[in-house]
Enquirer: 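This is the structure I want to talk about, given as structure tokens.
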Amino acid sequence: MCAATALPSQSAEFPAWYGEVVRRAELAESSPVRGAMVIKPYGYAIWEMLQRELDDRIKATGHENLYFPLLQPASVLAREGALVDGFAPEVALVTEAGGRKLEEPLAVRPTSEALIWSTYGRWIQSYRDLPLLYNQWANVVRWELRPRLFLRTTEFLWQEGHTAHETAAEAVAEALTILHDVYADTVESVLAMPVLRGRKSRGERFPGAEDTYTLEALMRDGKALQAATSHYLGQGFARTYDVRYTGRDGTDAYPYATSWGASTRLVGGVVMTHGDDRGLRLPPRIAPHQVVIVPILREADRAGVLQAAAALADALRAAAVRVRVDDRPEHRPGFKFNEWELKGVPVRVELGARDLAAGVVTVVRRDTGEKSEIPVARAAAAAGELLDDVQASLFEAARDERERRTVRDRSGYVELTEYLSRAAGLVEAPWCGRSECEARVKSDSSATIRCLPIDERPAPPGACICCGRPAVTTAVWAQAY
RNA sequence: CGGGACGUGGCGCAGCCUGGUAGCGCACCUGCUUUGGGAGCAGGGGGUCGCGAGUUCAAAUCUCGCCGUCCCGACCA
């Protein structure tokens, strides 16, 4: 590999590595507006795969899609105090349009609870109208102070679900169904990103939420990424926007709400979870090209090799594999190898006269670099098996890496905060539940509580790592994106 | 908003200190030869140096002001 074209080292300069991978793999680039990015076709193709996986699960759990507008009167947003407190600093306002100053400024949505709940009032009259299970695919704008491609952009794409229910229990169950059956399933089985499932501490909750459920993933630089969130909103929004219905007993009632979202941030998560010094490593289930066939062309056998490549591509397509034959004449094979590795294509097939003569194809997997020769007749089947194996291996490698970087011992407050402040990974430890301790860890290490895990493990008895009082729960700390 | 760096063809940079109207690598275009790990040779196109003002015979270069970008923190999916 030539030094002039090598990527920055992932371990030594992670932010530079990340930016270069996103740019050179042609996922996205920045635009004239600070923090707003252009998502390029290859990056958008990944988003479309992910979008479809999420959308299928959202529908499978009984939801319908609809669409609310980008703009809403600023006063509608302002009615909900929690949203104002939470989002005011990052809301963009339209104050002028059609050549004149507007009577009332319009807010560009930072999220849609306000507009949607101000509308739901007309849609919810009876308990028979419940539950309302709606989702929208949309763009939102949050004026972030420090944007980063995919991870925190001024405008981003996401889905936001907004549901209304008769009972609190039903709403909580909804929020958890989304967390597990939609988000965790997609993120783990499709994106191959292992996640911790948990609740947010009070201080980290969504504005207006009674409970925020979250998926937290560990990136290869030791920081945590919130992969998706699902909120139980109680009756707060219903009360603010005066959404009432006649209940089964004939009296007025306020519905219970949830909202939940996952965004283009996940694309950044895939880069930071699986990428290596050669570039992207895409899990096969979201790879726009799962297999790339690179024909090795020499004048004498050109036609035969191309024909064999086309035949193999047909066989792979018949097996529902997304395949591309890279027959560009302007580049030599070595260039293509590097380019497709940078772009993270899970499996590469090399096919030249040498292979044809031997009745084999050369197959290389991106995750391990392992190279093997496979009889042509078995190539399509073998590629399918290999893709499954790459998918599973990426997940296992990421899970092992997370475990390796998770500290569970009680070595002492100073050691733990030191571990956290250099973003070495996760700390899982008992917590007394008091925000004083949460704040102290943050000021000592700049790490925050990522979640209070809701997995199978019972909260271990013990003393709060910070103050030593009896713990009420286990908490997971880390530096966060 | 605080700290740091930087704005020069598409991208990455040099030139600035010691003013004399722009150069390198990659990319791009044409042709030929190549093709199993980022090809070679030959030819070619493209910028007036972030913006504004000033000094000067002359400004990418010196002075002043402004704007913008990136990185590190506080806010955040």
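As the structure is a prediction and not an experimental result, all values here were calculated from the model.
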Enquirer: Identify each atom pair where a protein N or O and an N or O of nucleotides 39-43 of chain B are less than 3.5 Å apart, giving names and distance.
Expert:
residue: A39(B); atom: O4'; partner: Arg332(A); partner atom: NH1; Å: 2.4
residue: A39(B); atom: N9; partner: Arg332(A); partner atom: NH1; Å: 3.4

Enquirer: Distance between the P atoms of C24(B) and C70(B), in whole angstroms?
Expert: 30 Å

Enquirer: Which pairs, with at least one residue in residues 67-76 of chain A and sequence neighbours excluded, count as a side-chain hydrogen bond (donor to acceptor under 3.5 Å, both in side chains)?
Expert: Tyr67(A)-Arg109(A), Ser75(A)-Glu104(A)

Enquirer: Would you sketch RNA chain B in dot-bracket for me? Only Watson-Crick or G-U wobble pairs with both distances under 3.5 Å count, crossing pairs as [ ], other-strand pairs as |, the rest as dots.
Expert: ((((((((.[[[[.)....(..]]]].((((((.....)))))).....[[[[[..)....]]]]])))))))....

Enquirer: Whole Å only: how far is the CG atom of Leu149(A) from the C1' atom of C71(B)?
Expert: 13 Å

Enquirer: Tabulated below should be each protein N or O lying under 3.5 Å from an N or O of nucleotides 73-76 of chain B; please produce it.
Expert:
residue: G73(B); atom: OP2; partner: Arg146(A); partner atom: NH1; Å: 3.1
residue: C75(B); atom: OP1; partner: Lys442(A); partner atom: NZ; Å: 2.9
residue: C76(B); atom: O2'; partner: Glu144(A); partner atom: OE2; Å: 3.0
residue: C76(B); atom: O2; partner: Arg152(A); partner atom: NE; Å: 2.5
residue: C76(B); atom: N3; partner: Arg152(A); partner atom: NE; Å: 2.9
residue: C76(B); atom: N3; partner: Arg152(A); partner atom: NH2; Å: 3.2

Enquirer: Expressed in angstrom and rounded to an integer, what is the separation of Gln159(A) atom CD from A77(B) atom P?
Expert: 14 Å

Enquirer: Between A59(B) and U55(B), how far is it from one P atom to the other, in whole Å?
Expert: 11 Å

Enquirer: For Val267(A), what residues pass the side-chain contact (heavy atoms from CB on, under 4.5 Å) criterion, not counting sequence neighbours?
Expert: Ile46(A), Trp47(A), Phe150(A)

Enquirer: From C-beta outward on Pro15(A), which listed nucleotide comes closest to its side chain: G36(B), C71(B), U35(B)?
Expert: C71(B)

Enquirer: Could you tell me how far G40(B) sits from G2(B) if I compare only their P atoms? Round to whole Å.
Expert: 49 Å

Enquirer: For Glu20(A), what residues pass the salt bridge (charged side-chain N to carboxylate O under 4.0 Å, His left out) criterion, not counting sequence neighbours?
Expert: Arg23(A), Arg24(A)

Enquirer: Is it the case that the ring center of Phe206(A) lies less than 6.0 angstrom away from the ring center of His231(A)?
Expert: yes

Enquirer: Look at the aromatic rings of Tyr120(A) and Trp117(A) and report parallel, tilted or perpendicular, splitting at 30° and 60°.
Expert: perpendicular

Enquirer: Over 60° means perpendicular and under 30° means parallel, so tell me whether Phe156(A) and Trp158(A) are parallel, tilted or perpendicular.
Expert: perpendicular

Enquirer: Pick the nucleotide of RNA chain B nearest each of Ala353(A) and Leu225(A); which residue has the one closer to the 5' end?
Expert: Ala353(A)

Enquirer: For nucleotides G7(B) and A14(B), find the distance between their C1' atoms and express it as a whole number of Å.
Expert: 15 Å

Enquirer: Base, sugar-phosphate, or nothing: which does Arg328(A) touch, judged by heavy atoms less than 4.0 Å apart?
Expert: nothing

Enquirer: What are the atom names and distances for every N/O pair under 3.5 Å that joins the protein to nucleotides 8-12 of chain B?
Expert:
none

Enquirer: Between atom CD in Glu350(A) and atom C1' in G37(B), what is the gap in whole Å?
Expert: 8 Å

Enquirer: Around atom CD of Gln307(A), are there more than 12 heavy atoms from other residues, nucleotides or ligands closer than 6.0 Å?
Expert: no

Enquirer: The criterion is salt bridge (charged side-chain N to carboxylate O under 4.0 Å, His left out); which residues satisfy it with Arg220(A), sequence neighbours excluded?
Expert: none

Enquirer: Would you please name every residue forming a side-chain contact (heavy atoms from CB on, under 4.5 Å) with Asp326(A), sequence neighbours left out?
Expert: Val292(A), Arg324(A), Arg328(A), Lys336(A), Trp340(A)

Enquirer: Would you say the base of G38(B) and the side-chain of Glu339(A) have a donor-acceptor pair closer than 3.5 Å?
Expert: no

Enquirer: Quick one: which residue pairs count as a side-chain hydrogen bond (donor to acceptor under 3.5 Å, both in side chains) with a foot in residues 194-207 of chain A, not counting sequence neighbours?
Expert: His180(A)-Arg197(A), Glu188(A)-Arg197(A), Arg199(A)-Asp211(A), Lys200(A)-Glu216(A), Lys200(A)-Gln226(A), Ser201(A)-Glu438(A)

Enquirer: Want to settle it: does Gly35(A) or Arg348(A) sit nearer the 5' end of RNA chain B, counting the closest nucleotide to each?
Expert: Arg348(A)

Enquirer: Atom CZ of Arg34(A) to atom P of C1(B): distance rounded to whole Å?
Expert: 11 Å

Enquirer: What residues, two or more places apart in sequence or in another chain, satisfy side-chain contact (heavy atoms from CB on, under 4.5 Å) together with Ala358(A)?
Expert: Val360(A)

Enquirer: Describe the nucleic acid contact of Ser31(A) in one word from base, sugar-phosphate, nothing, applying a heavy-atom distance below 4.0 Å.
Expert: nothing

Enquirer: If you look at every strand shown and take non-hydrogen atoms under 4.0 Å, does Phe206(A) touch a base, only sugar-phosphate, or nothing?
Expert: nothing

Enquirer: Sequence neighbours left out, what passes side-chain contact (heavy atoms from CB on, under 4.5 Å) with Glu26(A)? Give chain and number order.
Expert: Lys40(A), Lys343(A)

Enquirer: Base, sugar-phosphate or nothing for Gly261(A)? Non-hydrogen atoms, less than 4.0 Å.
Expert: nothing

Enquirer: Students often get this wrong, so: under 4.0 angstrom with heavy atoms, is Ala228(A) touching a base, only sugar-phosphate, or nothing?
Expert: nothing

Enquirer: Evaluate side-chain hydrogen bond (donor to acceptor under 3.5 Å, both in side chains) for Glu428(A) paired with Thr406(A), printing each intermediate quantity in order.
Expert: CA-CA 7 Å; Glu428(A) 185 180 306; Thr406(A) 300; over 6 Å; no

